[in-house]
Amino acid sequence: SAEIVRIPVVVHVVANTDEQNIDDDQIRSQLTVLTTDFRSANPDLSRVPSPFAPLVGDPMIEFEPASVDPDGNPTDGITRTITPVRAFGTDDAVKFRARGGIDAWPADRYLNIWVCRLDRGLLGYAQFPGGAAETDGVVVNYTAFGTTGTATAPFDRGRTLTHEVGHYLNLFHIWGDDGTGCGGTDEVDDTPNQAGPNYGKPTFPRVTCGNGPHGDMFMDYMDYVDDEAMMMFTAGQAARMRACLEAARKSLWS
Ligand code: ARG
Ligand code: ZN
Ligand code: CA
C-alpha cells in the first residue's frame, strides 16, 4: 500500500547531570533524522554504491512528537526526569520510575524513546514487537542521540535511533545474528547473506560468504558501521516493517 503511516513518539529524557538533560533542539534534530531516514529522503542515499541503489526502499513511515499525553492533555512529546542513577544498562531499569527511570506511555499508542546515559559504551537497545507493554520501545545513549549538543562522533548523525526503530519494527541485524558464520538470516530476501557485523567505515566491496562481486550491504542501517557509513533500508526491509505495522503494531497509527 502507498499510504504514509504516522507514528506518535514520546521522548523520555532521564538525566543524572545537566549535560545529560539534552535540550529540545537536540531532540528535534533526532526526530528529523528519523523521519528523513524512514522516508528515504536522506541526502546521503546518493552515496549508496550503484549496484545496491536499485534495492533501496521507502518504508513510508513518519514520526511526530505526541501532541496529546495519556491523560488527554496537550504535550510537546517530551518528558524530563532527574535520576540518581549514574548510568543505565540493558536491564530496562530506565523504563520504571521505581528504578530511577520513568514509566512508558501506553505502548499501543506511542513509540516510547528513552534517552539516558548507558554504561559500557552501549549506543542503544530495542524491544521487538510482541513483548511486554511496560518495556516496549527503544533506549538510546545521550551521546548517540540527534546531531547537535551531546551527540558525539562517529555516532552523531542520529542513526542509532534509526537502527533501533528498525528492530522495534521487527528487523533483525543484516548478518542474521549467527556470529561470523554464514548460516544466519535476517529473513529479508533482498539483503545479501553476510558473515558478521561491519564496523567503522568499510570500503566497497567487502566480500564474505561468497556474496561477491558486490559483497556485504554494510551501508544498511541494520549493520554496525559508523553513522556516516550507513544510509539505506532495502525494499524488502521496508515491506517487513510495513507488515509489522499492519499486524503487531497496527494500533500505533490506525
Ligand atoms: N549496537 C546497537 C544495537 O545493536 C546499535 C548500533 C547502532 N549503530 C550506529 N552506527 N549508530 O542495537
Ligand atoms: Zn541492533
Ligand atoms: Ca538476507
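Quick caveat: nothing in here was measured; it's all calculated off a predicted structure. In listed order, ligands and their atoms are each counted from 1.
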Asker: Report the name of the N/O/S atom of H163 located nearest to the Zn ion (ligand 2).
Answerer: NE2
Asker: Can you give me the NE2-the Zn ion (ligand 2)-NE2 angle for H167 and H173, to 10°?
Answerer: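 Result: 100°, to 10°.
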Asker: Flag G236 as yes if one of its N/O/S atoms falls below 3.0 Å of the Ca ion (ligand 3), otherwise no.
Answerer: no
Asker: So, the side chain of S29 versus the backbone of T147: is there a donor-acceptor pair under 3.5 Å, distance only?
Answerer: yes
Asker: For the residue pair R249 and Y168, would you count it as a cation-pi contact if the rule is NZ or CZ under 6.0 angstrom from the ring centre and within 45 degrees of the ring axis?
Answerer: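 Yes, R249 sits over the ring of Y168.
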Asker: Which heavy atom of the protein is the closest neighbour of atom 9 (C) of ligand 1, given with residue, atom name and distance?
Answerer: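 Here the nearest protein heavy atom works out to D227 OD1, 3.3 Å.
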Asker: When you measure from atom 2 (C) of ligand 1 to every protein heavy atom, which one gives the shortest distance, and what is it?
Answerer: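 Result: E164 OE2, 3.5 Å.
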Asker: Side chain, backbone, both or neither: which applies to V225 and ligand 1 if a contact is any heavy-atom pair less than 4.0 Å apart?
Answerer: backbone
Asker: Identify the residue among D220, D186, D190 that makes a side chain to side chain donor-acceptor pair (under 3.5 Å) with T234.
Answerer: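 Among D220, D186, D190, the one that satisfies the side chain to side chain donor-acceptor pair (under 3.5 Å) with T234 is D190.
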Asker: Which of the numbered atoms in ligand 1 are under 4.0 angstrom from any heavy atom belonging to T160?
Answerer: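 It comes down to these atoms of ligand 1: 9 (C), 11 (N).
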Asker: Considering heavy atoms of the protein only, find what lies nearest to atom 4 (O) of ligand 1 and give residue, atom and distance to 0.1 Å.
Answerer: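 The closest heavy atom on the protein side is Y224 OH, 2.7 Å.
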Asker: Where the side chain of Q20 meets the backbone of N16, is there a donor-acceptor pair that is under 3.5 Å apart?
Answerer: yes
Asker: Could you label the plane-to-plane angle of the Y224 and W175 rings as parallel, tilted or perpendicular, counting under 30° as parallel and over 60° as perpendicular?
Answerer: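 Correct class here is perpendicular.
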Asker: Sub-3.5 Å donor-acceptor pair from the side chain of N141 to the main-chain atoms of L123, do we have one?
Answerer: no
Asker: Going by the closest heavy atom to atom 8 (N) of ligand 1, which one wins out of H173, M222, M230?
Answerer: M230
Asker: Using modelled atom types only, decide if a donor and an acceptor are shared between the side chain of S251 and the backbone of D108 within a distance under 3.5 Å.
Answerer: yes
Asker: Within the structure, is a non-hydrogen atom of G124 found at a distance of less than 4.0 Å from ligand 1?
Answerer: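 In this structure, G124 qualifies as a contact of ligand 1 - some heavy atom is under 4.0 Å.
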Asker: Under the 3.5 angstrom rule, does the side chain of T191 hit a backbone N or O of V188 as a donor-acceptor pair?
Answerer: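 Checking the backbone N and O of V188 against the side chain of T191, a donor-acceptor pair under 3.5 Å is found.
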Asker: Below 4.0 angstrom from a heavy atom of D226, which ligand 1 atoms are there? Numbered from 1 as shown, please.
Answerer: 10 (N)
Asker: Can you name the N/O/S atom of D186 that is nearest the Ca ion (ligand 3)?
Answerer: OD1
Asker: For Q237 and M232, work out which heavy atoms get closest and say how close.
Answerer: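 Smallest interatomic distance, heavy atoms only, reads OE1-O, 4.4 Å.
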Asker: Where the Ca ion (ligand 3) is the corner point, what angle links O of V188 with OG1 of T191, to 10°?
Answerer: 80°
